[in-house]
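We name chains A, B, ... by the order of the sequence lines, and we start the count at 1 in each one.
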Protein chains: 2
Amino acid sequence: METPVESTRERLLNIAEQRFGEGGYEGTSLRAITVAAAANIAAVNYHFGSKEALLRAAVARAMAPVNTERRRRLDQLEAKGQPTAEQLIRAFIEPGLDLVLRRGERGPVAARFIGRVAFDPSQRIRELYAAESDPVEARYLTALQAALPRAAPESVAFGYVNMLGLLALHQSQALTRAPGTEDVEDPGKLAENLIAFLVAAFDRGLRA
Amino acid sequence: METPVESTRERLLNIAEQRFGEGGYEGTSLRAITVAAAANIAAVNYHFGSKEALLRAAVARAMAPVNTERRRRLDQLEAKGQPTAEQLIRAFIEPGLDLVLRRGERGPVAARFIGRVAFDPSQRIRELYAAESDPVEARYLTALQAALPRAAPESVAFGYVNMLGLLALHQSQALTRAPGTEDVEDPGKLAENLIAFLVAAFDRGLRA
DNA sequence: GCATAGTTCAAACGGACGTTTGAATGAGAG
DNA sequence: CTCTCATTCAAACGTCCGTTTGAACTATGC
(Lines give C-alpha, C1' and ligand atoms only; values in the text may rest on other atoms or scores of the structure.)
Protein backbone atom coordinates (compact mmCIF):
# COMPACT_ATOMS: atom_id res chain seq x y z
CA MET A 1 0.00 0.00 0.00
CA GLU A 2 1.25 3.40 -1.01
CA THR A 3 -0.88 5.27 1.47
CA PRO A 4 -0.02 4.23 5.03
CA VAL A 5 -1.98 7.02 6.62
CA GLU A 6 -3.28 10.19 5.05
CA SER A 7 -2.78 13.31 7.11
CA THR A 8 -5.65 15.73 7.60
CA ARG A 9 -3.78 18.20 5.45
CA GLU A 10 -3.50 15.70 2.58
CA ARG A 11 -7.13 14.64 2.87
CA LEU A 12 -8.21 18.27 2.71
CA LEU A 13 -6.14 18.88 -0.42
CA ASN A 14 -7.46 15.73 -2.08
CA ILE A 15 -11.10 16.48 -1.37
CA ALA A 16 -10.69 20.16 -2.21
CA GLU A 17 -9.24 19.18 -5.58
CA GLN A 18 -12.23 16.96 -6.23
CA ARG A 19 -14.96 19.32 -5.03
CA PHE A 20 -13.52 22.52 -6.46
CA GLY A 21 -13.23 20.64 -9.75
CA GLU A 22 -16.91 19.67 -9.62
CA GLY A 23 -18.57 22.81 -8.34
CA GLY A 24 -16.02 25.57 -8.73
CA TYR A 25 -14.59 27.74 -5.98
CA GLU A 26 -17.71 29.74 -5.15
CA GLY A 27 -19.96 26.73 -5.53
CA THR A 28 -18.10 24.61 -3.00
CA SER A 29 -18.33 25.25 0.73
CA LEU A 30 -15.65 24.51 3.28
CA ARG A 31 -18.21 22.50 5.19
CA ALA A 32 -18.79 20.21 2.22
CA ILE A 33 -15.05 19.71 1.93
CA THR A 34 -14.37 19.10 5.59
CA VAL A 35 -17.28 16.68 5.96
CA ALA A 36 -16.08 14.64 2.98
CA ALA A 37 -12.52 14.73 4.31
CA ALA A 38 -13.68 13.65 7.77
CA ALA A 39 -12.04 16.73 9.22
CA ASN A 40 -13.21 19.49 11.49
CA ILE A 41 -14.28 22.72 9.84
CA ALA A 42 -11.57 24.60 11.73
CA ALA A 43 -8.88 22.38 10.22
CA VAL A 44 -8.90 24.40 7.00
CA ASN A 45 -8.01 27.62 8.72
CA TYR A 46 -5.51 25.86 10.95
CA HIS A 47 -3.60 24.19 8.09
CA PHE A 48 -4.04 26.76 5.33
CA GLY A 49 -5.39 29.99 6.82
CA SER A 50 -8.43 30.56 4.62
CA LYS A 51 -10.57 29.06 1.88
CA GLU A 52 -8.65 30.89 -0.81
CA ALA A 53 -5.33 29.75 0.67
CA LEU A 54 -6.60 26.16 0.50
CA LEU A 55 -7.37 26.66 -3.17
CA ARG A 56 -3.95 28.19 -3.74
CA ALA A 57 -2.25 25.25 -2.06
CA ALA A 58 -4.26 22.78 -4.12
CA VAL A 59 -3.42 24.59 -7.35
CA ALA A 60 0.27 24.68 -6.48
CA ARG A 61 0.32 20.98 -5.67
CA ALA A 62 -1.55 19.99 -8.83
CA MET A 63 0.52 22.18 -11.12
CA ALA A 64 3.95 21.41 -9.72
CA PRO A 65 4.61 18.13 -11.60
CA VAL A 66 3.23 19.58 -14.83
CA ASN A 67 5.44 22.65 -14.63
CA THR A 68 8.47 20.58 -13.73
CA GLU A 69 8.03 18.27 -16.67
CA ARG A 70 7.39 21.16 -19.06
CA ARG A 71 10.58 22.88 -17.93
CA ARG A 72 12.57 19.68 -18.25
CA ARG A 73 11.31 19.04 -21.77
CA LEU A 74 11.88 22.58 -22.93
CA ASP A 75 15.42 22.61 -21.52
CA GLN A 76 16.10 19.36 -23.33
CA LEU A 77 14.70 20.61 -26.62
CA GLU A 78 16.52 23.93 -26.51
CA ALA A 79 19.79 22.18 -25.76
CA LYS A 80 19.57 20.62 -29.22
CA GLY A 81 19.01 23.86 -31.08
CA GLN A 82 15.82 25.46 -32.37
CA PRO A 83 12.88 23.11 -31.70
CA THR A 84 10.06 22.71 -34.21
CA ALA A 85 6.54 23.88 -33.47
CA GLU A 86 5.39 20.29 -33.19
CA GLN A 87 8.08 19.47 -30.65
CA LEU A 88 7.11 22.48 -28.58
CA ILE A 89 3.40 21.75 -28.75
CA ARG A 90 4.02 18.15 -27.74
CA ALA A 91 6.27 19.16 -24.87
CA PHE A 92 3.56 21.50 -23.64
CA ILE A 93 0.48 19.33 -24.10
CA GLU A 94 1.70 15.93 -23.00
CA PRO A 95 2.60 16.85 -19.42
CA GLY A 96 -0.82 18.43 -19.04
CA LEU A 97 -2.70 15.46 -20.41
CA ASP A 98 -0.61 12.75 -18.82
CA LEU A 99 -2.66 13.44 -15.73
CA VAL A 100 -5.84 12.51 -17.53
CA LEU A 101 -4.53 9.10 -18.42
CA ARG A 102 -3.58 8.03 -14.93
CA ARG A 103 -6.87 6.30 -14.27
CA GLY A 104 -7.13 4.85 -10.83
CA GLU A 105 -4.77 7.46 -9.52
CA ARG A 106 -5.61 11.01 -8.59
CA GLY A 107 -4.56 12.21 -12.03
CA PRO A 108 -7.94 12.74 -13.68
CA VAL A 109 -9.27 14.56 -10.63
CA ALA A 110 -6.27 16.87 -10.65
CA ALA A 111 -6.62 17.46 -14.38
CA ARG A 112 -10.26 18.45 -14.08
CA PHE A 113 -9.42 20.69 -11.15
CA ILE A 114 -6.69 22.47 -13.10
CA GLY A 115 -8.87 22.93 -16.16
CA ARG A 116 -11.73 24.33 -14.12
CA VAL A 117 -9.55 26.74 -12.19
CA ALA A 118 -8.02 27.99 -15.43
CA PHE A 119 -11.53 28.85 -16.67
CA ASP A 120 -13.09 29.98 -13.42
CA PRO A 121 -15.59 32.79 -13.92
CA SER A 122 -13.82 34.97 -11.38
CA GLN A 123 -10.74 36.77 -12.64
CA ARG A 124 -9.18 36.57 -9.17
CA ILE A 125 -9.23 32.78 -9.35
CA ARG A 126 -7.89 32.69 -12.90
CA GLU A 127 -5.01 34.90 -11.86
CA LEU A 128 -4.27 32.47 -9.07
CA TYR A 129 -3.88 29.75 -11.67
CA ALA A 130 -1.79 31.99 -13.91
CA ALA A 131 0.55 32.77 -11.03
CA GLU A 132 1.38 29.07 -10.73
CA SER A 133 2.04 28.47 -14.41
CA ASP A 134 3.20 31.72 -15.90
CA PRO A 135 7.00 31.42 -15.83
CA VAL A 136 7.30 28.23 -17.83
CA GLU A 137 4.34 29.06 -20.08
CA ALA A 138 5.90 32.33 -21.11
CA ARG A 139 9.01 30.46 -22.23
CA TYR A 140 6.88 28.33 -24.53
CA LEU A 141 5.31 31.35 -26.17
CA THR A 142 8.72 32.82 -26.95
CA ALA A 143 9.99 29.50 -28.25
CA LEU A 144 6.94 29.08 -30.46
CA GLN A 145 7.43 32.51 -31.98
CA ALA A 146 11.04 31.59 -32.76
CA ALA A 147 9.93 28.28 -34.27
CA LEU A 148 7.45 30.01 -36.55
CA PRO A 149 9.36 33.00 -37.95
CA ARG A 150 7.07 33.31 -40.96
CA ALA A 151 3.99 33.91 -38.82
CA ALA A 152 3.29 37.26 -37.19
CA PRO A 153 4.17 37.25 -33.46
CA GLU A 154 0.62 38.30 -32.53
CA SER A 155 -0.67 35.48 -34.64
CA VAL A 156 1.51 32.97 -32.82
CA ALA A 157 0.30 34.44 -29.54
CA PHE A 158 -3.25 33.92 -30.76
CA GLY A 159 -2.50 30.28 -31.47
CA TYR A 160 -0.81 29.98 -28.10
CA VAL A 161 -3.93 31.24 -26.31
CA ASN A 162 -5.95 28.70 -28.27
CA MET A 163 -3.57 25.96 -27.18
CA LEU A 164 -3.98 26.93 -23.52
CA GLY A 165 -7.72 26.99 -23.93
CA LEU A 166 -8.01 23.64 -25.66
CA LEU A 167 -5.74 21.99 -23.13
CA ALA A 168 -7.82 23.32 -20.25
CA LEU A 169 -10.97 22.25 -22.07
CA HIS A 170 -9.83 18.66 -22.37
CA GLN A 171 -8.37 18.61 -18.89
CA SER A 172 -11.63 19.76 -17.38
CA GLN A 173 -13.76 17.44 -19.45
CA ALA A 174 -11.61 14.53 -18.45
CA LEU A 175 -14.35 13.11 -16.28
CA THR A 176 -17.61 14.66 -17.40
CA ARG A 177 -18.34 15.24 -21.03
CA ALA A 178 -21.08 17.38 -22.48
CA PRO A 179 -24.24 15.55 -23.53
CA GLY A 180 -24.05 14.31 -27.11
CA THR A 181 -20.27 14.25 -27.20
CA GLU A 182 -19.62 11.58 -24.58
CA ASP A 183 -17.78 9.10 -26.74
CA VAL A 184 -15.84 11.54 -28.81
CA GLU A 185 -12.43 10.28 -27.94
CA ASP A 186 -10.41 7.38 -26.75
CA PRO A 187 -8.66 8.97 -23.76
CA GLY A 188 -5.48 7.17 -24.67
CA LYS A 189 -5.39 8.95 -28.03
CA LEU A 190 -6.47 12.33 -26.72
CA ALA A 191 -2.98 13.80 -26.53
CA GLU A 192 -2.04 12.63 -30.03
CA ASN A 193 -5.28 13.95 -31.51
CA LEU A 194 -4.99 17.29 -29.79
CA ILE A 195 -1.36 17.67 -30.82
CA ALA A 196 -2.19 16.85 -34.44
CA PHE A 197 -5.07 19.32 -34.34
CA LEU A 198 -2.86 22.08 -32.97
CA VAL A 199 0.12 21.37 -35.21
CA ALA A 200 -2.05 21.69 -38.29
CA ALA A 201 -3.57 24.90 -37.02
CA PHE A 202 -0.20 26.42 -36.08
CA ASP A 203 1.50 25.41 -39.31
CA ARG A 204 -1.23 26.49 -41.69
CA GLY A 205 -3.81 28.54 -39.83
CA LEU A 206 -1.81 31.59 -38.74
CA ARG A 207 -1.34 34.90 -40.53
CA ALA A 208 2.03 35.60 -42.09
CA MET B 1 -32.85 57.38 -28.31
CA GLU B 2 -33.48 53.69 -28.70
CA THR B 3 -34.29 53.17 -25.05
CA PRO B 4 -37.36 55.17 -24.07
CA VAL B 5 -37.74 53.48 -20.71
CA GLU B 6 -36.25 50.25 -19.54
CA SER B 7 -38.60 48.01 -17.65
CA THR B 8 -37.50 46.42 -14.39
CA ARG B 9 -37.52 43.08 -16.11
CA GLU B 10 -35.16 44.34 -18.84
CA ARG B 11 -32.85 46.03 -16.37
CA LEU B 12 -32.63 42.82 -14.38
CA LEU B 13 -31.75 40.81 -17.48
CA ASN B 14 -29.14 43.35 -18.55
CA ILE B 15 -27.44 43.53 -15.18
CA ALA B 16 -27.67 39.77 -14.67
CA GLU B 17 -25.93 39.28 -18.00
CA GLN B 18 -23.16 41.61 -16.94
CA ARG B 19 -22.66 40.32 -13.40
CA PHE B 20 -23.04 36.61 -14.15
CA GLY B 21 -20.49 37.15 -16.90
CA GLU B 22 -18.05 38.71 -14.44
CA GLY B 23 -18.43 36.55 -11.38
CA GLY B 24 -20.25 33.44 -12.50
CA TYR B 25 -23.57 32.15 -11.23
CA GLU B 26 -22.50 31.11 -7.74
CA GLY B 27 -20.26 34.13 -7.35
CA THR B 28 -23.00 36.66 -8.05
CA SER B 29 -25.73 37.42 -5.51
CA LEU B 30 -29.24 38.53 -6.31
CA ARG B 31 -28.66 41.49 -4.03
CA ALA B 32 -25.71 42.66 -6.11
CA ILE B 33 -27.84 42.36 -9.23
CA THR B 34 -30.90 44.11 -7.86
CA VAL B 35 -28.89 46.96 -6.34
CA ALA B 36 -27.14 47.58 -9.65
CA ALA B 37 -30.44 47.37 -11.50
CA ALA B 38 -32.08 49.78 -9.06
CA ALA B 39 -34.72 47.16 -8.36
CA ASN B 40 -36.08 45.60 -5.23
CA ILE B 41 -34.70 42.24 -4.23
CA ALA B 42 -38.17 40.71 -4.50
CA ALA B 43 -38.43 41.77 -8.13
CA VAL B 44 -36.36 38.79 -9.25
CA ASN B 45 -38.76 36.29 -7.79
CA TYR B 46 -41.73 38.27 -8.99
CA HIS B 47 -40.59 38.47 -12.61
CA PHE B 48 -38.68 35.20 -12.96
CA GLY B 49 -39.41 32.98 -9.97
CA SER B 50 -35.91 32.20 -8.79
CA LYS B 51 -32.25 32.99 -9.28
CA GLU B 52 -31.78 30.04 -11.61
CA ALA B 53 -34.85 31.04 -13.62
CA LEU B 54 -33.31 34.50 -14.05
CA LEU B 55 -30.15 32.90 -15.39
CA ARG B 56 -32.20 30.70 -17.71
CA ALA B 57 -34.08 33.71 -19.07
CA ALA B 58 -30.83 35.62 -19.60
CA VAL B 59 -29.26 32.67 -21.43
CA ALA B 60 -32.30 32.27 -23.64
CA ARG B 61 -32.35 35.95 -24.51
CA ALA B 62 -28.63 36.10 -25.28
CA MET B 63 -28.59 32.92 -27.36
CA ALA B 64 -31.72 33.55 -29.40
CA PRO B 65 -30.23 35.81 -32.09
CA VAL B 66 -27.15 33.60 -32.39
CA ASN B 67 -29.22 30.46 -32.85
CA THR B 68 -31.52 32.16 -35.33
CA GLU B 69 -28.64 33.38 -37.46
CA ARG B 70 -26.94 29.98 -37.37
CA ARG B 71 -30.10 28.27 -38.48
CA ARG B 72 -30.61 30.77 -41.26
CA ARG B 73 -27.09 30.35 -42.55
CA LEU B 74 -27.15 26.59 -42.40
CA ASP B 75 -30.48 26.45 -44.23
CA GLN B 76 -29.07 28.73 -46.91
CA LEU B 77 -25.89 26.66 -47.28
CA GLU B 78 -27.67 23.35 -47.44
CA ALA B 79 -30.05 24.66 -50.08
CA LYS B 80 -27.07 24.97 -52.41
CA GLY B 81 -25.85 21.41 -51.91
CA GLN B 82 -23.07 20.03 -49.72
CA PRO B 83 -21.31 22.91 -47.94
CA THR B 84 -17.56 22.88 -47.40
CA ALA B 85 -16.04 22.64 -43.96
CA GLU B 86 -14.91 26.24 -44.18
CA GLN B 87 -18.40 27.43 -45.04
CA LEU B 88 -19.82 25.54 -42.08
CA ILE B 89 -17.19 26.77 -39.66
CA ARG B 90 -17.75 30.33 -40.82
CA ALA B 91 -21.51 30.03 -40.51
CA PHE B 92 -21.07 28.74 -36.98
CA ILE B 93 -18.38 31.08 -35.69
CA GLU B 94 -19.43 34.40 -37.16
CA PRO B 95 -22.84 34.65 -35.48
CA GLY B 96 -21.17 33.88 -32.16
CA LEU B 97 -18.44 36.47 -32.57
CA ASP B 98 -20.54 39.18 -34.16
CA LEU B 99 -21.65 39.92 -30.63
CA VAL B 100 -18.11 40.68 -29.57
CA LEU B 101 -17.74 43.31 -32.25
CA ARG B 102 -20.78 45.34 -31.38
CA ARG B 103 -18.90 47.74 -29.17
CA GLY B 104 -21.07 50.32 -27.54
CA GLU B 105 -23.99 47.96 -27.65
CA ARG B 106 -24.72 45.14 -25.26
CA GLY B 107 -23.02 42.64 -27.58
CA PRO B 108 -19.69 42.14 -25.82
CA VAL B 109 -21.41 41.78 -22.46
CA ALA B 110 -23.72 39.14 -23.90
CA ALA B 111 -20.79 37.35 -25.55
CA ARG B 112 -18.82 37.17 -22.32
CA PHE B 113 -21.91 35.98 -20.50
CA ILE B 114 -22.51 33.19 -23.01
CA GLY B 115 -18.89 32.07 -22.96
CA ARG B 116 -18.80 31.97 -19.20
CA VAL B 117 -22.03 30.05 -18.86
CA ALA B 118 -20.82 27.51 -21.42
CA PHE B 119 -17.77 26.86 -19.21
CA ASP B 120 -19.37 27.22 -15.80
CA PRO B 121 -17.83 24.87 -13.24
CA SER B 122 -21.23 23.45 -12.34
CA GLN B 123 -22.58 20.85 -14.71
CA ARG B 124 -26.13 21.96 -13.98
CA ILE B 125 -25.35 25.42 -15.38
CA ARG B 126 -23.54 24.04 -18.41
CA GLU B 127 -26.55 21.87 -19.23
CA LEU B 128 -28.71 24.96 -19.01
CA TYR B 129 -26.59 26.50 -21.74
CA ALA B 130 -26.61 23.31 -23.78
CA ALA B 131 -30.40 23.19 -23.62
CA GLU B 132 -30.54 26.56 -25.37
CA SER B 133 -28.13 25.72 -28.15
CA ASP B 134 -28.26 21.98 -28.71
CA PRO B 135 -30.72 21.68 -31.61
CA VAL B 136 -28.93 23.87 -34.10
CA GLU B 137 -25.47 22.86 -32.89
CA ALA B 138 -26.23 19.20 -33.51
CA ARG B 139 -27.10 20.03 -37.13
CA TYR B 140 -23.66 21.56 -37.57
CA LEU B 141 -21.92 18.46 -36.28
CA THR B 142 -23.77 16.27 -38.75
CA ALA B 143 -23.08 18.67 -41.60
CA LEU B 144 -19.39 18.81 -40.73
CA GLN B 145 -19.13 15.05 -40.79
CA ALA B 146 -20.71 15.02 -44.22
CA ALA B 147 -18.34 17.73 -45.40
CA LEU B 148 -15.31 15.74 -44.24
CA PRO B 149 -15.99 12.18 -45.43
CA ARG B 150 -12.33 11.24 -45.33
CA ALA B 151 -12.03 11.95 -41.61
CA ALA B 152 -13.35 9.54 -38.99
CA PRO B 153 -16.70 10.71 -37.53
CA GLU B 154 -15.29 10.62 -33.99
CA SER B 155 -12.41 12.73 -35.20
CA VAL B 156 -14.76 15.32 -36.66
CA ALA B 157 -16.68 15.29 -33.39
CA PHE B 158 -13.40 15.94 -31.61
CA GLY B 159 -12.75 18.93 -33.84
CA TYR B 160 -16.30 20.10 -33.27
CA VAL B 161 -15.82 20.07 -29.51
CA ASN B 162 -12.66 22.06 -30.00
CA MET B 163 -14.55 24.57 -32.11
CA LEU B 164 -17.18 25.01 -29.39
CA GLY B 165 -14.46 25.44 -26.80
CA LEU B 166 -12.45 28.00 -28.74
CA LEU B 167 -15.54 30.01 -29.57
CA ALA B 168 -16.57 30.12 -25.91
CA LEU B 169 -13.00 31.01 -24.99
CA HIS B 170 -12.92 34.04 -27.26
CA GLN B 171 -16.45 35.01 -26.37
CA SER B 172 -15.58 35.08 -22.71
CA GLN B 173 -12.12 36.53 -23.38
CA ALA B 174 -11.09 34.62 -20.29
CA LEU B 175 -7.52 33.95 -21.30
CA THR B 176 -6.81 36.75 -23.74
CA ARG B 177 -6.15 38.89 -20.70
CA ALA B 178 -3.54 36.53 -19.33
CA PRO B 179 -0.32 38.38 -18.60
CA GLY B 180 1.86 38.69 -21.70
CA THR B 181 -1.00 38.07 -24.11
CA GLU B 182 -3.09 41.20 -23.57
CA ASP B 183 -2.85 42.62 -27.06
CA VAL B 184 -3.01 39.37 -28.91
CA GLU B 185 -5.69 40.29 -31.34
CA ASP B 186 -7.42 43.04 -33.18
CA PRO B 187 -11.04 42.30 -32.25
CA GLY B 188 -12.11 43.10 -35.77
CA LYS B 189 -9.95 40.32 -37.12
CA LEU B 190 -10.80 37.82 -34.42
CA ALA B 191 -13.43 35.95 -36.41
CA GLU B 192 -11.21 35.65 -39.49
CA ASN B 193 -8.24 34.46 -37.46
CA LEU B 194 -10.26 31.91 -35.54
CA ILE B 195 -11.89 30.60 -38.70
CA ALA B 196 -8.52 30.24 -40.42
CA PHE B 197 -7.14 28.48 -37.37
CA LEU B 198 -10.04 26.04 -37.27
CA VAL B 199 -10.16 25.42 -41.01
CA ALA B 200 -6.51 24.44 -41.04
CA ALA B 201 -7.02 22.15 -38.06
CA PHE B 202 -10.14 20.53 -39.52
CA ASP B 203 -8.67 20.06 -42.97
CA ARG B 204 -5.30 18.68 -41.92
CA GLY B 205 -5.38 17.86 -38.22
CA LEU B 206 -7.98 15.09 -38.03
CA ARG B 207 -7.49 11.33 -38.25
CA ALA B 208 -8.62 9.60 -41.41
C1' DG C 1 6.45 11.83 36.03
C1' DC C 2 5.88 16.80 33.72
C1' DA C 3 6.24 20.13 30.07
C1' DT C 4 5.58 21.36 25.41
C1' DA C 5 4.21 21.95 20.87
C1' DG C 6 1.15 20.31 17.35
C1' DT C 7 -3.38 19.09 16.24
C1' DT C 8 -8.35 18.39 16.70
C1' DC C 9 -12.71 19.55 18.48
C1' DA C 10 -17.60 21.49 19.49
C1' DA C 11 -19.49 25.68 19.51
C1' DA C 12 -20.39 30.05 18.35
C1' DC C 13 -19.51 34.59 15.71
C1' DG C 14 -21.53 38.11 12.52
C1' DG C 15 -22.91 38.43 8.05
C1' DA C 16 -24.70 37.25 3.50
C1' DC C 17 -27.58 34.24 1.03
C1' DG C 18 -32.23 33.05 -1.75
C1' DT C 19 -36.81 33.36 -0.81
C1' DT C 20 -41.34 34.88 1.10
C1' DT C 21 -44.71 37.93 3.02
C1' DG C 22 -48.20 41.43 3.04
C1' DA C 23 -48.90 46.01 2.61
C1' DA C 24 -48.25 50.19 -0.42
C1' DT C 25 -48.19 52.11 -4.94
C1' DG C 26 -49.22 52.78 -9.71
C1' DA C 27 -51.77 53.00 -14.11
C1' DG C 28 -55.80 51.88 -16.87
C1' DA C 29 -60.90 50.53 -17.52
C1' DG C 30 -65.54 51.20 -16.44
C1' DC D 1 -64.10 58.50 -8.85
C1' DT D 2 -63.71 53.59 -8.07
C1' DC D 3 -62.42 49.22 -8.85
C1' DT D 4 -58.82 46.13 -10.48
C1' DC D 5 -54.74 44.12 -11.23
C1' DA D 6 -49.92 44.37 -12.03
C1' DT D 7 -45.91 45.99 -9.87
C1' DT D 8 -42.90 47.66 -6.18
C1' DC D 9 -41.52 47.91 -1.55
C1' DA D 10 -39.47 47.28 3.31
C1' DA D 11 -38.97 43.78 6.24
C1' DA D 12 -38.29 39.46 7.79
C1' DC D 13 -37.79 34.24 7.14
C1' DG D 14 -34.60 30.31 8.00
C1' DT D 15 -30.31 28.61 6.29
C1' DC D 16 -25.71 28.47 5.12
C1' DC D 17 -21.42 30.88 4.75
C1' DG D 18 -16.14 31.64 6.18
C1' DT D 19 -13.94 32.43 10.24
C1' DT D 20 -12.68 32.45 15.24
C1' DT D 21 -12.43 30.88 19.90
C1' DG D 22 -10.72 28.30 23.72
C1' DA D 23 -10.64 24.02 25.57
C1' DA D 24 -9.35 19.08 24.88
C1' DC D 25 -6.52 15.74 23.06
C1' DT D 26 -2.03 13.58 21.32
C1' DA D 27 2.65 12.56 20.78
C1' DT D 28 7.31 13.42 21.68
C1' DG D 29 11.42 15.05 24.60
C1' DC D 30 13.19 15.36 28.99
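- One interatomic measurement links the two molecules: CZ of B:F48 to P of C:dT19, which rounds to 13 Å at whole-angstrom precision.
- Looking only at side-chain heavy atoms (C-beta outward), B:L164 and B:E137 come within less than 4.5 Å of each other.
- In this structure, the ring of B:H170 has its center less than 6.0 angstrom from the ring center of A:F158.
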Stepwise side-chain hydrogen bond (donor to acceptor under 3.5 Å, both in side chains) check, B:N67 with B:E132:
CA-CA 9 Å; B:N67 286 333; B:E132 283 300 325; 5.1 Å; no

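- With rounding to whole Å, A:H47 atom NE2 is found 15 Å from D:dT19 atom P.
- Between the OH atom of A:Y25 and the P atom of D:dC17 there is a distance of 13 Å, rounded to whole Å.
- Atom OH of B:Y46 is separated from atom P of D:dA6 by 7 Å (rounded to the nearest Å).
- Between the CD atom in B:E26 and the OG atom in A:S29 there is a gap of 10.5 Å [rounded to 0.5 Å].
- Under 4.0 angstrom from either OP1 or OP2 of D:dT8 there lies at least one side-chain N or O belonging to B:T8.
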For residues 53-60 of chain A, which side-chain donor-acceptor pairs fall under 3.5 Å, sequence neighbours excluded?
none

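- You'll find the side chain of A:L74 reaches within 4.5 Å of the side chain of A:L88, heavy atoms only.
- Nucleic acid contact for B:A42: base, since at least one base atom lies under 4.0 Å from a heavy atom of the residue.
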Criterion side chain to side chain contact (heavy atoms under 4.5 Å, CB included) on A:R116 and B:F119, from CA distance to verdict:
CA-CA 8 Å; A:R116 291 278 157 77; B:F119 273 145; over 6 Å; no

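- Between the CD atom of A:E6 and the P atom of C:dT8 there is a distance of 13 Å, rounded to whole Å.
- Protein atom CG of B:N40 is 14 Å distant from nucleotide atom P of C:dT19, rounded to whole Å.
- In this structure, the nucleotide among D:dT8, C:dA10, C:dT19 sitting nearest to the side chain of B:I41 is C:dT19.
- A:K51 has its NZ atom 12 Å from the C1' atom of D:dC16, to the nearest Å.
- In this structure, B:N45 atom CG and C:dT20 atom P are separated by 6 Å, rounded to whole Å.
- Only B:T28, B:S29, B:L30, B:R31, listed by number, bring a heavy atom of residues 26-36 of chain B to less than 4.0 angstrom from any atom of DNA chain C.
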